[in-house]
Amino acid sequence: ADPGNRDSVAQPQAVALEVTLLDANHCPGSTMFVFAGDFGVMLHTGDFRLHPEHAHLGSLPVLRNGISHIFLDNTYCHPQFDHLPRDAACEEIVASTQAKWPCVLFIAVYSLGKEALLEVLADRLKTKVLVPRARLPVLRAAGVREELFTAEPCAPIEATPEELRRLGLFGRVWAVPARQLRPVLWRASSLGVLAHGIDPSGWAGCVGSAAGDKPEKDEVTSEGKLLSNEEGDDWSRRWVGDGVEAVPFSDHCSFLELVQFLSWLPLAPVSFLSLVPVEGTSRFGYDGLEGMRELLEHSGVPSIWYREANQPLAGQRAIRRGEAAAGGDVRRPNSKAIRGFRRRCRPLTTRFLPQWGGLKLKSRGGASGLVNRADRQTAPAIGRVAG
């Protein structure tokens, strides 16, 4: 085409696309996306945690005629992950801290997330939470109670012994980066400061945690300098018997919450958003393929698309109900491993479920499953899904 001739240049055609945002119940501002157009309707959850209001997603106008595909957060897709509801985990952390209060409570956080937990701690312990100054505008935007937070006087690893002792005497919560939790706790304890460390993570108590291992990096020198781990945060080294209390506080769905979430939606193929860990090679100590099969069995979805952690980018596979896998060899555990897995998974908890007659789990010869999917329509209205 002649670039100087406007009529000869192909003009892009308009594409009708409807985008709906839904509350993901993960961290402040997190959303799920529903894309609707000529390609069908696709739901992308991103990171999310199940909320009772998600029960009404299937009744949204954009989803009433079905879903073409669901892109699902599979962070904890294995029955061994049975997280407490977040409010219950908060109560557990508060009770543990009150037994040691007053002290300096170092709590592991990321740049965003766990704000609700920090609010509860500050309110119940009648204190304030020290956070980096750069985080204060983020907290303000998240709508938290600003009076419960204050800027830290310095980086936690650089606090003077006098400052730490003063904080420990009156009691203070200090939010620290996850990979600095142990160094700052060890340093404070070595100075005779009353200190306690909490690591609120969904990985707490993971079967494959490296209990008893000694960290080779992230140590504090005699000068109080932090030796950072150049390889980043290694989850497998976060549950050693070193005085840090790990509590399963999670902003992601447990396994049964994933099953419940899918049961509230029209049946559709699923694609996992995260790589699937392979037994024997995962630092998290669980077989992601095993968890995937359990989800396929209990959720009723027709297929799950996935990629193993050790596969190339083009190595996506699908496992379908009633067949092994598209293209062949999805690994299957031997019969002994299956029997052991069944024992570990029994019983599956129902505590996260709304107490509605159509949403309870029922026993099926030792395993667990959901009652008829159609029963979800009998759930009473509990509010509008945030959008």
Partner residues of Arg135 under the side-chain hydrogen bond (donor to acceptor under 3.5 Å, both in side chains) criterion, sequence neighbours left out: Glu115

For Ser271 and His69, does a side-chain donor sit closer than 3.5 Å to a side-chain acceptor? yes

Do Leu296 and Val301 come close enough that some side-chain heavy atom pair is under 4.5 Å? yes

Against Val173, only a single residue in Leu125, Leu148, Thr97, Val104 fulfils side-chain contact (heavy atoms from CB on, under 4.5 Å); can you say which? Leu125

Once you round to the nearest 0.5 Å, how far does CG of Leu117 lie from CZ of Phe249? 5.0 Å

With salt bridge (Lys or Arg N to Asp or Glu O under 4.0 Å) as the rule and sequence neighbours excluded, what pairs involving residues 163-173 come up? Glu163-Arg166

In the single-linkage hydrophobic clustering (I, L, V, M, F, W, Y; side-chain heavy atoms under 4.5 Å), do Val109 and Val244 co-cluster? no

So do the side chains of Phe261 and Thr45 get within less than 4.5 Å of each other, counting heavy atoms only? yes

Kindly state each residue pair satisfying salt bridge (Lys or Arg N to Asp or Glu O under 4.0 Å) with at least one member in residues 90-99, sequence neighbours excluded. Glu91-Arg124

Does a side-chain heavy-atom distance below 4.5 Å link Met292 with Ile319? yes

Rounded to the nearest 0.5 angstrom, the CZ-CD distance for Phe149 and Glu119 is 5.0 Å

Taking the side chain as C-beta and beyond, is there a heavy-atom pair between Val144 and Leu118 under 4.5 Å? no

Same cluster (ILVMFWY, side-chain, under 4.5 Å), Tyr110 and Leu139: no

Test of understanding: clusters of I, L, V, M, F, W, Y form through side-chain heavy atoms closer than 4.5 Å, transitively. Do Val120 and Phe106 belong to the same one? no

Verify, without hydrogens or angle tests, whether Asp82 (side chain) and Ser254 (backbone) share a donor-acceptor contact under 3.5 angstrom. no

Under the criterion ring pair (Phe, Tyr, Trp, His ring centres under 6.0 Å), which of Phe272, Phe255, Trp203 is the partner of Tyr76? Trp203

Report yes if the side chains of Glu308 and Arg317 come closer than 4.5 Å at any heavy-atom pair, otherwise no. yes

Distance (rounded to the nearest 0.5 Å) between Leu72 CG and His44 NE2: 10.0 Å

List the steps and the verdict of side chain to side chain contact (heavy atoms under 4.5 Å, CB included) for Leu295 and Asn74. CA-CA 10 Å; Leu295 183 67; Asn74 61 301; over 6 Å; no

For Glu147, the side chain to side chain contact (heavy atoms under 4.5 Å, CB included) test, sequence neighbours excluded, returns Arg145

Side-chain heavy atoms of Val129 within contact of Ile107, under 4.5 Å: no

With heavy-atom distances below 4.5 Å as the criterion, would you say the side chains of Phe48 and Leu22 are in contact? no

Non-hydrogen side-chain atoms of Tyr306 and Leu289 separated by less than 4.5 Å: yes

Is there a chain of hydrophobic side chains (I, L, V, M, F, W, Y, each step under 4.5 Å between heavy atoms) that links Val193 to Ile198? no

Which residues end up grouped with Val138 if you chain together Ile, Leu, Val, Met, Phe, Trp and Tyr wherever their side-chain heavy atoms are less than 4.5 Å apart? Leu112

Can you see which heavy atom on Val41 is nearest to which on Gly66, and at what distance? CB-O, 3.9 Å

Do Ser201 and Asp199 have side-chain N/O donor and acceptor atoms under 3.5 Å apart? no

Any chance you could measure Cys77, atom SG, to Glu290, atom CD, to the nearest 0.5 Å? 11.0 Å

If hydrophobic residues (ILVMFWY) are linked whenever their side-chain heavy atoms come closer than 4.5 Å, directly or via other members, who joins Leu169 in its cluster? Phe170

Using a strict cut-off of less than 4.0 Å between a Lys/Arg side-chain nitrogen and an Asp/Glu carboxylate oxygen, indicate whether Arg86 and Asp251 qualify as a salt bridge. yes

